[in-house]
Amino acid sequence: MAQDVRVIVLRTAGTNCDGETAYAFERCGAAVDLVHINRLSSGEVSLGDYHILAVPGGFTYGDDIMSGRILANELRLNLGKDLEAFIASGKLVLGICNGFQVLVRAGILPGPLSGQSLWHPGVPQTVSLTHNDSGKFEDRWVRLKVSGVSVWTEGLGDTVLFPVAHAEGKFMTRDDAVLRSLRENGQVIFRYCSEDGQSVAYPGNPNGSMDHIAGIADRTGRVLGLMPHPERHFVVTQHPAWTRLGKKSGYGEGARIFQNGVTYVKDNLIKN
Amino acid sequence: MIWRVEIKEKPGIEGPSGTGVLRDIVDLGITSLTRVDVSQFYTIKAPLSAEQIVAVASRLLADPVTQDYFCSPLEPGAAGPSSSLTCTEIEVAHNPGVMDPVEASTMKGIRDLGLGSVEWVRTAKKYYLHGTLTKHQVLLIIEKVLSNKLIQHAVQDPVVSYGAGTTAGASKDTVFTVPVLGVSGKELLKLSAEGQLFLNRQEMQSIQRYFQAIGRDPTDCELETIAQTWSEHCHHKTFRGKIRYEFEERGRKKVRVINNLLKSTIAKATMDLAKPWCVSVFHDNAGVIRFDKETNVCFKVETHNHPSALEPFGGANTGIGGVIRDVLGTGLGAKPICNTDVFCFAPPDFPPAELPAGTLHPKRIMKGVVAGVRDYGNKMGIPTVNGAILFDDGFVGNPLVYCGNVGIIPRGKEFKKVLKGDVIVVAGGRTGRDGIHGATFSSAELTDSSEVVSSGAVQIGDPIQEKKVLDCLLLARDRNLYHAITDCGAGGLSSAVGEMGETLGARVDLEKVPLKYQGLSYMEIWISESQERMVLAVGPGEVEALLDVFRSENVEATVIGFFTGTGKLELFFHGQQVCDLGMSFLHDGIPDITKKAVWKTPRLKTPRIQCPADLTLSLLDVLSHYNVCSKEWVIRQYDHEVQGGSVIKPLCGAGFDGPSDASVIRPRLHSDRGLAVANGINVLYGKIDPYWMAAACIDEAVRQVVAVGGASDRIAILDNFCWGNPDKPDRLGGLVRAAQGCYKAAVEYGVPFISGKDSLYNEYTLDKRSIAIPGTLLISAIGLIDDVNRCVTMDFKNAGSLIYLIGETHDEMGGSVYYDTLGRLGADVPCVRFRKGKAIFDRVSQTVRRGLVRSLHDCSEGGLGVALAEMAFSGGFGATVTLKDVCFKGPVARNDTVLFSESTSRFVAEVSPRQEKAFKKAMGPVSCRCIGRVEESPEFVVYGRDDKICVNVVIGDLKEAWQKPLRW
């Protein structure tokens, strides 16, 4: 019997997109556990037993102080070694919205921009996600141009349509050098764009992100983070104008991301 | 050691919050500022070295990419508002005791860094106002923009603001009694007033007799418990009491005595209908109906009006938090799946000079209320999928904030039963002085402002605490670890334990209740309305397992007593008994009171208005009316898609910005079964006749559910009355009439009420003159969708489609938006023709589900004109329409009447020519006429009854008129 693709969806106080993220992976054939961080910290559950770590959206610890900061510190300080080993062993990490904010503040994304090593707890934060230029939380659908290299986005098409729902999604880098490295390394995976894939102003770029960046990967492409929600375009009926489309059921444009993760694990991490 | 850490954006990085503050200051008419910067302050009491505080600042408090930090020890006098010619600095902090969730998170963050033992953290914001300001302007900005004195203050001296920490009050060791035994009725009333008990003479005398019989005076705690239980809020005296109702019928005066208005109207409709899918109605926190084989659905809508008038953010915040707890406390606990929120304000352009003293400007109230709902709903991860916002001058002193929540609950978990010997557990937030009725916690400022009736008004919620409680509760529920649950809402533990122990009796040891800070008296603990608390009845054998579940996710849960079986409410504080009341007296001892109600038909006239030959401008005005225009600015601030079940969003169409009728969600992601949520509310109709307002509201709520594809025979509704003072006969007369309209419409349409709420005494008194709100009824509907893939939306889909108007149009312009744009009310309010309406709903519901319409929109405010315009610009198509083809019933058919009459039970449908025959057949005998065509070109052209063009405009202009008013 084939071994399961095992996904851990991490939760803590204020996580709230865990159910639909778990559902997306399950529909793609994975065995999914929703795990509270206390169970990882106490050693009751081991990160090493899983192939994919998903950090879902939400308002962990209320986004108090700043979005994602407290969970990022917990990951780095309490689970740093486990996470380092997880990433080094070729496994996958996906951070959506608040999960992306967490990965960024822990330095896991973009991770080291040069050299041999992958992420470890000493890697500093080099990019940030800060308050939207509009000054408010906004839920709206945006078109994204897909670029760069990531196992998560293979075959995704030139552009995709996902919703964003955040107040702190403006992508910024520490300096120009970081931005340059991200581009050169192929780490920029999603950019907000117009209907025809061109560069776009507000509200197409909903937060004022630098270089319109909506999502980035680490240098391996196995760790991906993005502000928009692919799990909210997992089926067609989530599309805001699905009643205008010919297609009235089936998968939406975000499903491919979850399928890619599961397929990658089957092809590369599970030896049958 | 007390440290101060300031976090500022790095130079060159502009924070958006400063821009928003600057905009609000410009709104005040102060234009001398060039820029506003905002920084965050943390004041931390902890034994940290200079090196350690830098570690806290750099690793926890500041973002290394975008922010700088500045650490300094707390020094006296350094931070008061300071003004120079070029910059005014103002630090705004919370008043002591006001909830700030960031404080606890910061303490956790510091502990995670391994720097332990933090005594407390306080947060504040500092505003740098660049430009010249007069002293008066500074004060105005502090009052109108930067702070609300009920919860915040501008820091004069940080040592005073922060140095002392939370001040503890004196603990009361002795038990206080209130002498009622031998006193006169007049003195009893004085005791009621002094204690802010809001009990009348008969009620006080009933209490006096009870204590005379047992031969002692009540303790303060007993009296307070009775007052809470007998309050209008908890006991619904008006709806359950006797009413002597005077009314006119065919010109003759009549009198009827109504025994229990609730049971003879609202609840009677449900009993008469006896729908088998109604699972639990009117006796739990929320009504419960069947959803599918495994699941039931519950729905509840609450109001939080008075708190929102005083502190809009906190009022709406705790309003939504409270209704979510209602659903959490329904049966053995339901999982919240969506929110619905409806607000009524005075218009946002209300002249500031005409504001009654002591009221906040409606625009500020609206921004605060929206922010409060956004904060709580989004952070709980519950999509806010539906709502409405209405504007009327009558809400200037008293806005309305309705918060609703829908939950799902596994079948078999919808009932609860407390058993004798069950342990009482309180879980969630700690108890503090926030929300204690009549108690003045923080300072003299609160007591000298007359609007502060209750410091419950100044609560701020902690949504993440409630989310943690929710997560644990569902785990514990599914492991069967408790027998009953309810929420701590109004009345706090007093209501929650009092209700759960109504038959068995209960004993609580109040010193066991976890406190936010020491120094609360037994009575404060008992009646505090601190947020985010739930009360459970737990079998003694399951207590440890239950506490473990909460512990595993860092939620506090504590045993505070047990259900005794003695039928008494017994409270102890450090071993001393402070309350010993019979439960039967507490719950049934309230004397019958007869209230007087009078209904007089208002003398109103139909205005004489010339019908303009060209109605284009009229249509644009109606689209720009605040009640009609786009609410996108609000909707986008709510996460309406979290949980992944979104099917019909509040905004739809080609540009994702058209106004949906009902919203549809898929509660269980693997199933195609859905729920539609809608509401009906109309303030203007009620000014003419509350009976027809109620009927029209039910018609509208049902119509919206049907418009997206809901099954017309599986719709349940909720009533929510917000009214003026029911002790005034004219106000109560309108209320009776509205309740009668509710009964009639619910029975005729076969839509049972499953829960409801009333909020009375919505009046604002100034100089002995009382402004009552317009009597307002919100009807919330929830409908079942068999297959969400068959839902339709309201946007035109294809050029060449036929446009059908379903239903009859009558000359019913009273209360219409069209009249309102002309400053008139009118007299002929839309009636509901129930039999025809029912036939229309059943036919349309079937037709939609058979896939015979491409788009469907309900005709409501603004009538046919607005419905057509919205369908056109949402779909990106033009239209040609002929008013001559409209089925009009009336003596004189004027173009404006046909276009803007708000007759009920009407829909506009888009039908493909290919399906026309099948569509017409499916509609059977109900009135249904083809009135035009969807056009490829953007022209929107309406031909009048005389075949002359009366509206000619492009859809871009229609959309602009509709979007512009609230595009903030």
Side-chain angles (χ1 to χ4, degrees), chain A residues 11-17 19-21 23-24 27 36 38-39 57-66 69-70 73-74 77-78 105 124-128 130-141 163 165 167 172-174 229 231-232 234-235 237-238 240-244 248-249, chain B residues 13 15-17 19-20 59-61 63-66 101-102 104-106 108-109 112-114 374 378-382 462-464 467-468 471 552-554 635-649 651-654 656 666 669-670 788-789 791-793 795 797 855 875:
Chain A
R11 28 176 300 261
T12 186
T15 304
N16 65 33
C17 300
E20 54 271 42
T21 304
Y23 173 74
R27 272 282 294 270
H36 193 280
N38 284 355
R39 294 172 66 201
F59 286 83
T60 50
Y61 305 101
D63 278 2
D64 298 339
I65 302 173
M66 72 192 80
R69 168 46 66 84
I70 293 176
N73 279 0
E74 270 187 300
L77 299 168
N78 299 342
R105 302 216 196 280
Q125 180 186 339
T126 53
V127 306
S128 186
T130 182
H131 294 277
N132 299 350
D133 278 350
S134 69
K136 56 182 188 272
F137 180 102
E138 283 187 84
D139 177 338
R140 60 169 73 247
W141 283 65
M172 298 187 82
T173 61
R174 191 181 56 197
H229 287 270
E231 82 284 12
R232 294 188 189 182
F234 187 77
V235 292
T237 54
Q238 290 168 318
W242 68 270
T243 57
R244 306 179 69 79
K248 298 220 165 178
S249 57
Chain B
I13 293 177
S17 56
T19 322
R59 295 169 70 189
L60 179 68
L61 303 179
D63 182 82
V65 174
T66 62
V102 182
S105 295
T106 307
K108 173 187 162 48
D112 287 347
L113 292 174
R374 180 206 69 215
N378 291 0
K379 285 183 176 172
M380 283 291 290
I382 302 169
D462 180 359
I464 300 304
K467 177 71 165 82
K468 282 162 55 176
D471 291 347
S552 73
E553 301 200 357
N554 315 101
I635 294 167
R636 294 234 174 270
Q637 294 190 60
Y638 301 151
D639 190 337
H640 47 264
E641 301 178 275
V642 62
Q643 298 193 13
S646 162
V647 176
I648 303 289
K649 302 178 204 304
L651 296 167
C652 66
F656 312 159
R666 183 201 296 265
L669 298 179
H670 60 272
V788 294
N789 300 300
C791 286
V792 294
T793 51
D795 44 311
K797 307 288 190 303
S855 62

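Note: hydrogens, waters and symmetry copies are ignored here, and every other heavy atom, side chains too, is used.
Taking chain B as the reference chain and counting heavy-atom pairs below 4.5 Å, the highest number among A:Gln238, A:Arg69, A:Glu231 is found for A:Arg69. Note: B:Asp795 leads B:Asp795, B:Ile382, B:Ile13, B:Thr19 in heavy-atom pairs under 4.5 Å with chain A. With respect to chain A, the highest number of heavy-atom pairs below 4.5 Å among B:Gln643, B:Lys468, B:Glu553 belongs to B:Glu553. Ranked by heavy-atom pairs shorter than 4.5 Å toward chain A, the options B:Leu61, B:Thr66, B:Asp63, B:Asp462 are led by B:Asp63. Between chain A and the options B:Val788, B:Asn554, B:Ile464, B:Leu651, the largest number of non-hydrogen pairs under 4.5 Å is found for B:Ile464. The greatest number of non-hydrogen atom pairs below 4.5 Å with chain A, out of B:Ser646, B:Gly645, B:Gly109, is found for B:Ser646. The greatest number of non-hydrogen atom pairs below 4.5 Å with chain B, out of A:Gly62, A:Ala24, A:Gly14, is found for A:Gly62. Ranked by heavy-atom pairs under 4.5 Å with chain A, the first of B:Met380, B:His670, B:Gln637, B:Arg374 is B:Gln637.
In this view, B:Lys379 and B:Asp375 satisfy the side-chain hydrogen bond (donor to acceptor under 3.5 Å, both in side chains) rule, not counting sequence neighbours. Applying the side chain to side chain contact (heavy atoms under 4.5 Å, CB included) criterion to A:Thr173, with sequence neighbours excluded, gives A:Val127, A:Phe171, A:Val178, A:Leu179, A:Leu182, A:Met210.
For chain B, the nearby parts of A:Tyr61 are the backbone and the side chain; heavy atoms of each come within less than 4.5 Å. The parts of B:Pro101 that come within reach of chain A are both its backbone and its side chain, each placing non-hydrogen atoms under 4.5 angstrom from that chain. Of the two parts of B:Thr106, the backbone and the side chain both hold a non-hydrogen atom closer than 4.5 Å to a non-hydrogen atom of chain A. Both the backbone and the side chain of A:Glu138 come within less than 4.5 Å of a heavy atom of chain B. The part of A:Asn132 that comes within reach of chain B is its backbone (N, CA, C, O), which places non-hydrogen atoms under 4.5 angstrom from that chain. Looking at B:Lys797, both its backbone and its side chain come within 4.5 Å of chain A, counting heavy atoms on both sides. Within the 4.5 angstrom heavy-atom criterion, atoms from both the backbone and the side chain of B:Leu113 approach chain A. Proximity to chain B (any heavy atom under 4.5 Å) is restricted, for A:Asn73, to the side chain, taken from C-beta onward. With a threshold of 4.5 angstrom between heavy atoms, A:Leu77 approaches chain B through side-chain atoms but not through N, CA, C or O. Neither the backbone nor the side chain of A:Thr21 comes within less than 4.5 Å of any heavy atom of chain B. Interface remark: B:Asn378 contributes backbone and side-chain atoms alike to the contact with chain A (heavy atom separation under 4.5 Å). Residue contact with chain A, scored on non-hydrogen atoms closer than 4.5 Å, is absent for B:Ala104. Residue B:Arg59 touches chain A through both its backbone and its side chain, counting heavy-atom pairs closer than 4.5 Å. Proximity to chain B (any heavy atom under 4.5 Å) is shown, for A:Met172, by both the backbone and the side chain. Of the two parts of B:Ser552, only the backbone, made up of N, CA, C and O, holds a non-hydrogen atom closer than 4.5 Å to a non-hydrogen atom of chain A. The parts of A:Arg140 that come within reach of chain B are both its backbone and its side chain, each placing non-hydrogen atoms under 4.5 angstrom from that chain.
Summarising the geometry of B:Asp112 relative to A:Glu74, their closest heavy-atom pair is OD2-CG, 3.4 Å, with the distance given to 0.1 Å. Nearest approach of A:Pro163 to B:Glu641, heavy atoms of both residues: CB-OE1, 3.5 Å. Residue B:Thr793 comes nearest to B:Ile648 through the heavy atom pair CG2-CD1, 3.4 Å, listed as atom of the first residue, atom of the second, then distance. The shortest heavy-atom contact between A:Gly135 and B:Pro16 is CA-CB, 3.5 Å. For the pair A:Cys17 and B:Val642, the tightest heavy-atom approach, listed with the atom from each and the gap, is SG-CG2, 4.0 Å. Of all heavy-atom pairs between A:Ala165 and A:Arg232, the closest is CB-NH1, 3.5 Å.
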Show, in sequence, the C-alpha distance, side-chain angles and deciding distance for B:Ser17 and A:His131, and conclude whether the side chain to side chain contact (heavy atoms under 4.5 Å, CB included) test is met.
CA-CA 9 Å; B:Ser17 56; A:His131 294 277; over 6 Å; no
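Contact check for B:Cys652 versus A:Thr243: no side-chain heavy atoms found under the 4.5 Å cut-off. For the pair A:Arg105/A:Met66, a side-chain contact is recorded, criterion being any heavy-atom separation below 4.5 Å from C-beta on. The closest side-chain heavy-atom distance from B:Tyr638 to A:Asp139 is not below 4.5 Å.
Listed for the A:Trp242 side chain is a donor-acceptor partner under 3.5 Å among the backbone atoms of B:Val647.
Checking A:Thr60 against A:Arg11 by side-chain atom types alone, no donor-acceptor pair falls below 3.5 Å.
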